[in-house]
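Note that these values count all heavy atoms, side chains included, but never hydrogens, waters or copies made by symmetry.
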Amino acid sequence: MTFSLPSSSSASSSSTLKQSYDVFLSFRGIDTRNTFTVFLYHALRDRGIKTYIDDKDLERGEIISPTVFKTIEESMISIIVLSSNYASSAWCLEELTKILECKKTKQQIVLPVFYHVNPSEVRNQSGSFGEALAKHQERFKEDPKVQRWKESLQEVAGLAGEHLEDGRNEYEFMHKIIEWVDSTIFKSTYQLDIAEYPIGLESRLNDLNTNLEIGRNDITLMIGIYGTGGIGKTTLAKAVFNSIGHQFEARCFLANVREISSRKDGLVKLQEKLLYELLGSFGSFNIGGVRGSNVMKHMLCSKRVLIILDDVNELRQLKEIAGNHNWFGPGSRIVITTRDQHLLTYHQVDSTYEVQELDHNQAIQLFSWHAFKREKPIESHVKLTTCIIGYAKGLPLALTVLGSDLRGRSIQEWKSALEEYERSPHKDIYEILKISYDGLDDNERDIFLDIACFFKGNSVEYVTKILDSCRFSSSIGIARLKDKCLININCHQCVEMHDLLQEMGKEIVRQESPKEAGKRSRLWFHEDIRHVLEENTGTKTIEAILLDFPGGHDKICLHSKAFKKMKNLRLFLNRNAQFSAGPEYLSNEIRVFDWPEYPSSFLPSNFHGNNLTILRMPDSLIKELGGLKSKNLTVMDLFKCKSITKIPDLSSSPNLVKLDLTVCENLVEVHDSVGFLDKLSRFSVGGCCKLRILPKRFKLRSLRVFNLRECSSLEDFPEIEREMEFLHVLDFRDSSIKELPSSIENLKGLKKLYLYPGSSLKKLPSSISNLTQLQELYVAGCIDQLRSLHIVQVHGDSQVPIHIGKVEEDGIQSTPSVVSTGEECEIASTTAELTPTNSSIFNDASSSSSAIWKSLQVLTLRFCCLSESNFFTNGNYFPALDRLDLSGSDIVIFPVQSLRFDRLRDLCLNNCKKLEEILPLPSSIASVHARECTSLESFALLSEILIKNNGTNFRNLQRIDLYGCHKLLAKISWLIPSWEELSA
């Protein structure tokens, strides 16, 4: 039997409707009051179904119409008994119209019962129904309600209901109706049990309602809810089911999809349950998987349903149970909960919702309700509660389990339990969280355990580099762990993991050998590591060790054979541990060897680093690298290894990307092979004060960073034998290099060249003009070639100036601040020791007599000997110059008549002791600072303001500072108004 359910076009609220009655009976009293209807009424009441019938529930004298209408609105089901005289009652027809209205607006369920009446007679309004309507038309004339009644009768006749034909057993007929009512009420009022204390649930449900778009019954939506285990996905899905389920024609909550589908014929069982709950007639069907999908598509495509698929973990589950939107009728909502975000992406759900941890206040409330049966902790347990909240980190599962576990226990028991939790997670929490781990493949498990034990909080770049060195597929592995909500990548691109997931990972490793740490795959706890290394209890099981000791610990007295049994050691990461001696043996399986302050002068004789990819030994006593030969080596970091004197042949390490020899104070020689490392990107010998020999030739195609600052013994620079487009900066400060080779032009990508202070460089090759990308050139000292160098041509006609340095009167040097890119060029003060001869860099006899500095906006030439330079006498034009600072220079007259800067706003001439005259300035000027210009006697702008027109041509002018200009002030003092005059 099929009955009509709420219209798919109805719009409704997500809130549960107020229902005073389960069933409202609409009938014609003279036909069925004392027969069928009264028997049906009593039978329903006997079943516990609250049923309304007009002569039982209304008191005498009550206004019938509003009361009955209100009762109809507050009923879940309306049963309309359409008998032969039903249409003769205007009151019955008004009830019918109201019932159909509630069907549309309130999702009321309507069951028409054709009691000894043919449905076609009602639909076509013939027979007794036609006669009754004709009488109503005659009585009410043009009243539009007659037309409404006709339309209502046509509509109700089109609904699926039940027809009692002559000769049919009325008792069986009535019993069938009662069974349907019973089933319908159960389905409509059935509520899933959710959390005992639903803290934070309402806000989550409100957030999710946006995704659900309840009221949009013209579309079918699939919504994914994802998050880590124990975060509350199922609880939220149950709340959705309870809150909006009554608004659908049918609903089904499929729980434990992951678990059930793993059993034999599990997916088929899930399909059968779904069809049974949505259609009610598939309990005895035995369908196959593929056929089941076809049946579902055929049977559900016109039905507006709510389906919750809880705990999905495989794509096949979605394909077989909710393969596509068109499997379900318009207005349907399919809600999927999972720990794997990628499943939702692949299945192309319409929207996703990530369940977040509870905030601090919500966490306290949830824990307190379970631990104390109140909203807040009791006073004596506040501090311990804070510890628990910090441990659980807003995970509802943990807060519930721990609160229940600690309820009624003493403070001492709480302290003991907390210590136990920190050693290993509570078994109920562990088992739930481990489900996600169990679903990983071997590669993903290794990556998860490495992150849990060693790399939580590290950058993705660093973690990826380490894991790749171990031959793990780290990029896809990390992405999958993120999809499965086992890790997260924060805004700083660091790997995050919930503390309880981290503890779960560490517990998995501990369970490998609960009693003996030396038989575990990974070691991180400092006491375990000390025991293994000092007592020589290591085994071939150990794959990775991370030493991160608390402060104040003694040195590790390393057993001479501690590493002998660790044949499969791949990672050794020492953060801060001190050792009494170096190892006598190291496994050649090691991929990453990170041991700062390595205590020995040599690596073990057996160790060749066959699989080594990263070698970090900063601040170590190492003198020689011995027979190290690793074709996979990418990083060699020997920063501040003050005992090493020579870098050996590295031709066997063609994949080396980074070579850091910074501050290796006794390093003398770097082998020629380094100059041919095609993948070398970063090479630093900065601070190697005894370094004399670099590779004679460079063919470093990939080099991006080359630091040779403070190489005070280095005199020769390598020949650049191939184009190097990635090296952008060269810094020769405090080096003894005297000459650059002409092959410097092969540094095609060079943008910045530092030649000061303390540089011994006296000559630049003419080929430097071929460095077409050069943007900034910092110079100091007497460099002969600079006498004929005016500008460096960059990108055709754009120009980049050569910067003059400055020295303050007190000798303190300022910090470089230069910006110059493309057609915009800014010169700020730079750091250098400037002598009068520096000004000669601007004396270019061959240059044009009118250089145009198109892009220059800021020019700073402080404390420069400009009197010997033709820089300001060659008719230079600065069309974009906004700020000019010549403080401390030796200029006498400014500006010279041939100098043009039409947009100048800020001029600074402070401490120009020889300055005598400031000629007219452009009308754009906004400020002039000429403090302590003790020789200044004439200032055209000041005369313009005070004598001629009060400065009306200088509308931007805001400030003139002439403090300490005694000669000028003495000459014009009579023109300057007093304070009293200004105040007046």
Side-chain angles (χ1 to χ4, degrees), residues 1-10 23-41 44 51-54 68-69 72 75 77-140 143-170 172-174 176-178 180-181 184 249:
M1 177 170 71
T2 306
F3 299 110
S4 173
L5 295 171
S7 167
S8 62
S9 63
S10 59
V23 176
F24 177 90
L25 292 175
S26 176
F27 63 97
R28 185 73 169 101
I30 60 174
D31 288 341
T32 63
R33 181 187 299 280
N34 298 318
T35 55
F36 176 78
T37 300
V38 72
F39 296 146
L40 178 61
Y41 169 75
L44 290 169
T51 307
Y52 174 84
I53 192 170
D54 62 354
V68 172
F69 280 6
I72 292 172
S75 297
I77 301 169
S78 284
I79 297 178
I80 306 166
V81 183
L82 295 161
S83 57
S84 58
N85 289 302
Y86 186 88
S88 64
S89 168
W91 182 243
C92 286
L93 294 173
E94 283 294 304
E95 280 185 353
L96 173 63
T97 303
K98 181 64 176 177
I99 288 168
L100 294 176
E101 177 189 319
C102 289
K103 175 179 178 293
K104 294 176 182 177
T105 61
K106 298 183 180 297
Q107 265 101 115
Q108 190 171 105
I109 302 168
V110 178
L111 172 64
V113 175
F114 301 95
Y115 185 77
H116 297 298
V117 169
N118 195 305
S120 63
E121 188 177 336
V122 181
R123 184 183 307 108
N124 300 325
Q125 295 164 17
S126 59
S128 61
F129 283 81
E131 294 171 3
L133 289 170
K135 290 180 181 179
H136 290 315
Q137 192 71 67
E138 183 179 349
R139 177 184 174 190
F140 296 107
D143 195 323
K145 65 183 176 184
V146 177
Q147 182 59 32
R148 289 201 306 270
W149 293 344
K150 290 180 180 181
E151 292 172 356
S152 296
L153 285 169
Q154 288 178 333
E155 181 180 348
V156 76
L159 300 178
E162 186 63 20
H163 182 198
L164 178 63
E165 300 176 282
D166 293 339
R168 187 173 177 184
N169 188 305
E170 280 200 21
E172 292 179 357
F173 178 77
M174 183 175 65
K176 195 170 187 180
I177 293 172
I178 294 169
W180 176 84
V181 171
T184 301
E249 295 179 33

Are Ser128 and Glu121 packed together at the side-chain level, in the sense that at least one heavy-atom pair is separated by less than 4.5 angstrom? yes
Would you call Asp54 and Leu25 a side-chain contact if the rule is heavy atoms closer than 4.5 Å? no
Quick one: closest heavy-atom pair of [X] and [Y], and the distance?
| X | Y | result |
| --- | --- | --- |
| Asp31 | Ser84 | OD2-N, 3.6 Å |
| Gln108 | Ser75 | NE2-O, 3.1 Å |
| Ile99 | Ser26 | CD1-CB, 3.9 Å |
| Ala87 | Leu93 | O-CD1, 3.4 Å |
| Phe114 | Val156 | CZ-O, 4.0 Å |
| Ala157 | Pro119 | CB-O, 3.8 Å |

Main-chain N/O of Arg33 paired with Thr37 side-chain donor or acceptor, under 3.5 Å: no
Under 3.5 Å: donor-acceptor pair, side chain of His136, backbone of Lys145: no
State the [atom1]-[atom2] distance between [X] and [Y], to the nearest 0.5 angstrom.
| X | Y | atom1 | atom2 | answer |
| --- | --- | --- | --- | --- |
| His116 | Arg168 | NE2 | CZ | 10.5 Å |
| Ile77 | Ile177 | CD1 | CD1 | 11.5 Å |
| Asn169 | Met174 | CG | CE | 9.5 Å |
| Leu100 | Leu96 | CG | CG | 4.5 Å |
| Asn124 | Leu153 | CG | CG | 11.5 Å |
| Tyr86 | Ile30 | OH | CD1 | 13.0 Å |

Quick one: salt bridge (charged side-chain N to carboxylate O under 4.0 Å, His left out) pairs with a partner in residues 89-98, sequence neighbours left out? Glu73-Lys98, Lys98-Glu101
Please evaluate residues Asp143 and Trp149 with respect to the criterion side chain to side chain contact (heavy atoms under 4.5 Å, CB included), reporting the C-alpha separation (whole Å), side-chain torsions for both, the decisive distance (0.1 Å), and the verdict. CA-CA 11 Å; Asp143 195 323; Trp149 293 344; over 6 Å; no
Give the intermediate values and the outcome of side chain to side chain contact (heavy atoms under 4.5 Å, CB included) for residues Leu40 and Thr32. CA-CA 10 Å; Leu40 178 61; Thr32 63; over 6 Å; no
Listed partners of Arg123 passing salt bridge (charged side-chain N to carboxylate O under 4.0 Å, His left out), at least two apart: none
Ring pair (Phe, Tyr, Trp, His ring centres under 6.0 Å) with Tyr52: which of Phe27, Tyr41, Phe24? Phe24
With under 30° as parallel and over 60° as perpendicular, where do the rings of Phe36 and Phe173 fit, or are they tilted in between? tilted
Can you label the angle between the Phe69 ring and the Trp91 ring as parallel, tilted or perpendicular, going by 30° and 60°? parallel
Can you tell which of His163, Glu162, Arg28, Glu170 makes a side-chain hydrogen bond (donor to acceptor under 3.5 Å, both in side chains) with Tyr115? Glu170
